2 protein chains.
Amino acid sequence: MSGAPDPTVFKLHDLKVSCKSCSLSRLCLPHGLNEKELAMLDGMIERKTKYDRGAALYRSGEPMRALFAIRSGSFKTFMTTPDGAEQITGFHFPGELLGIDALADEHHHCTAVALETSTVCALPTQDFEHLCATMPQLHRQFRHLIGQEINHEHELLLSLGQMRGDERLATFLLNLSERLRARGFSHSEFNLSMPRHDLANYLGLAVETLSRIFSRLQDEGVLKANRRNIRILDFDRLRSLAHHPARARA
Amino acid sequence: MSGAPDPTVFKLHDLKVSCKSCSLSRLCLPHGLNEKELAMLDGMIERKTKYDRGAALYRSGEPMRALFAIRSGSFKTFMTTPDGAEQITGFHFPGELLGIDALADEHHHCTAVALETSTVCALPTQDFEHLCATMPQLHRQFRHLIGQEINHEHELLLSLGQMRGDERLATFLLNLSERLRARGFSHSEFNLSMPRHDLANYLGLAVETLSRIFSRLQDEGVLKANRRNIRILDFDRLRSLAHHPARARA
DNA sequence: CGGCTTTTTGAACCCCATCAATATCCGTGG
DNA sequence: CCACGGATATTGATGGGGTTCAAAAAGCCG
């Protein structure tokens with residue numbers, strides 16, 4: 001389960017990729033930094049960490065060690081109640097930040113687990129704090145990314161609080177589609193990195209209900225879903241679902 | 001929260017209260033600042049803003065003017081969809097920060113509306129950015145408050161995604177009770193500042209369902225609810241509800 | 001006292017959870 | 001290579017929590 005990484009897998013050139021040459025930099029913390037600042041940031045980052053599927057980047061309750069930026073792969077973050085119930089609060093992709101749930105008291109309130117073999121860049125908290133103080137642009141981008149996180153959670157609240165199951169799934173798929181597009185992938189066909197179980201939990205549904213919704217959307221020609229593989233056929237229909245056109249629950 | 005302040009209560013000396021003498025400072029941005037820093041922060045703050053019930057502090061889409069700290073009263077913040085559906089994302093009380101939903105792109109993604117006559121302290125964004133750069137402790141407290149906001153939204157996600165109606169209400173009441181206690185009010189009896197309609201929306205329920213849940217909890221002797229007035233009679237039962245003891249939806 | 005909003009209560013229906021069973025995929029070992 | 005077992009996913013049947021429609025009751029304010 002845990003990512004006891006085979007040392008031989010890490011070739012030197014993998015470890016030395018810099019922020020400067022990283023294709024994700026425009027989505028990530030380095031965005032907007034000049035050459036000199038970039039170099040400073042680069043110097044602070046530990047880049048060697050690899051996580052296999054199921055490996056935890058951090059667990060709820062642990063003290064915060066670092067801020068993480070995803071380089072490849074994907075993660076889920078979830079809350080846990082004392083009695084064992086879980087709620088997935090987000091799926092995270094390359095260029096996104098992980099660990100800001102520890103902002104309040106330097107301890108994590110979520111657990112982050114890799115959905116597939118993934119790599120992250122780690123930024124020790126002390127270093128980061130110092131860097132922010134000296135680089136206004138880094139600080140700004142950090143705030144920007146936190147803001148995105150908050151906005152995303154607001155969208156999810158809207159979804160869970162107001163929408164039916166099919167509307168939630170439509171919203172999720174459109175959001176995912178956009179995030180993949182922003183990363184240079186196809187926005188109409190992709191493979192989900194999470195099992196149905198996780199997606200259902202994220203959407204506040206039972207696995208069976210989610211499966212039924214997929215089947216129905218497929219029957220209606222909105223998409224084609226073969227297990228993890230999704231092909232969106234009718235974006236307009238999906239969008240109209242996501243905006244649940246005629247419902248005034250106000 | 002209930003302290004529906006008579007307008008005449010606001011004499012000039014109220015408007016000039018400084019952070020230093022503010023009873024909420026330990027919950028608010030000034031927490032941990034030394035005398036000199038406190039004076040600097042004080043100098044930046046506009047304190048005269050008062051909002052009647054229904055008045056908007058800011059609206060979704062507007063550019064961010066300032067960061068707000070609530071001094072008295074209470075607010076609700078909500079998301080709006082293109083088709084008019086709303087989801088209340090939070091209720092906010094004295095000492096809490098409003099406006100951080102604009103962190104991503106300097107534009108608000110929520111609307112904030114006063115639930116009763118309320119006053120806020122406004123901190124213009126540019127000033128604040130500058131202050132943060134020169135006062136590490138202020139920066140730290142700002143991060144702390146943002147973290148609290150994120151944590152609160154995670155709790156709400158858990159609530160909406162995993163709990164039944166009665167469990168959601170129990171969770172809300174316990175949370176509210178704690179926040180009131182932290183502000184020196186009774187934690188067992190209080191007046192809700194929001195109508196059923198808003199609370200139902202926040203909890204992802206229909207007004208009728210919420211009303212029925214209140215009635216049932218009252219029949220069971222867990223609490224006494226007379227319109228806005230709530231008296232919690234059995235904290236243990238409420239807590240056991242909030243933790244939905246025997247349900248493994250894992 | 002009227003007219004308004006807010007809250008509660010009642011009845012019917014529906015989305016979704018649950019229980020149960022089948023199907024499909026995948027990794028492992030014979 | 002194929003067989004086997006476990007995890008993952010789909011499908012069916014049933015029941016319950018919650019929404020919706022409808023209306024009455026209770027505050028609130030002019």
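Residue numbering restarts at 1 for every chain, and letters A, B, ... go by the order of the sequence lines. Since this is a predicted model, take the numbers as computed values, not measurements.
- The CG-P distance, from A:Leu241 to C:dC15, rounds to 13 Å in whole Å.
- To the nearest angstrom, P of C:dT18 lies 11 Å from CG of A:Leu205.
- Between the side chain of B:Arg216 and the base of C:dT8, no donor-acceptor pair of N or O atoms lies under 3.5 Å.
- At whole-Å resolution of the value, CZ in A:Arg227 and P in D:dT11 are 11 Å apart.
- Rounded to an integer number of Å, the gap from A:Asn201 CG to C:dT18 P is 12 Å.
- The aromatic rings of A:Tyr202 and A:Phe172 stand perpendicular to each other, their planes meeting at an angle above 60°, with 30° marking the opposite boundary.
- For the pairing with A:Ile88, the side-chain contact (heavy atoms from CB on, under 4.5 Å) check across A:Met194, A:Lys76, A:His197, A:Met79 returns one residue only, A:Lys76.
- Remark: the backbone N or O of B:Arg59 is not paired with any side-chain donor or acceptor of B:His108 at under 3.5 angstrom.
- The 5' end of DNA chain C is approached more closely, in terms of each residue's nearest nucleotide, by B:Thr209 than by the other of A:Val207 and B:Thr209.
- Here the CG atom belonging to A:Leu173 is positioned 12.5 Å from the NE2 atom belonging to A:His187, to the nearest 0.5 angstrom.
- Toward the 5′ end of DNA chain C lies the nearest nucleotide of A:Leu210, the other residue of the pair A:Leu210 and A:Asn226 mapping further downstream.
- As a whole-Å value, the separation of B:Asp219 CG from C:dT9 C1' is 12 Å.
- Taking only side-chain nitrogens and oxygens, B:Arg196 comes nearer than 4.0 Å to OP1 or OP2 of C:dT8.
- Once rounded to the nearest 0.5 Å, the distance linking NE2 of A:His154 with CD of B:Glu153 reads 3.5 Å.
- Residue-to-nucleotide contacts include no donor-acceptor pair under 3.5 Å from the side chain of B:Arg164 to the base of D:dG16.
- As judged by a 4.0 angstrom heavy-atom cut-off over every strand, A:Ser211 is placed among the base-contacting residues.
- C:dT7 atom P lies 14 Å from atom CD of B:Gln218, rounded to whole Å.
- Distance CG (B:Asn229) to C1' (D:dA26): 15 Å, rounded to an integer number of Å.
- Taking atom CZ of residue B:Arg212 and atom C1' of nucleotide D:dC21, one finds them 11 Å apart after rounding to whole Å.
- Looking at B:Arg239 and B:Asp236, a side-chain N of the basic residue comes within less than 4.0 Å of a carboxylate O on the acidic one, giving a salt bridge.
- Rounded to 10 degrees, the angle between the two end axes of the helix from C:dC1-D:dG30 to C:dG30-D:dC1 is 40°, with five pairs used at each end.
- With a 6.0 Å cutoff to the six-membered ring centre and a 45° limit on the axis angle, A:Arg196 counts as a cation-pi contact of A:Phe214.
- Listed candidates were C:dC19, D:dA9, C:dT7. Nearest to the side chain of A:Glu208 is C:dC19.
- Residue-level contact check: A:Arg228 touches the backbone only, with heavy atoms under 4.0 Å from sugar-phosphate atoms and none from bases.
- The 5' end of DNA chain D is approached more closely, in terms of each residue's nearest nucleotide, by B:Ile213 than by the other of B:Ile213 and B:Arg53.
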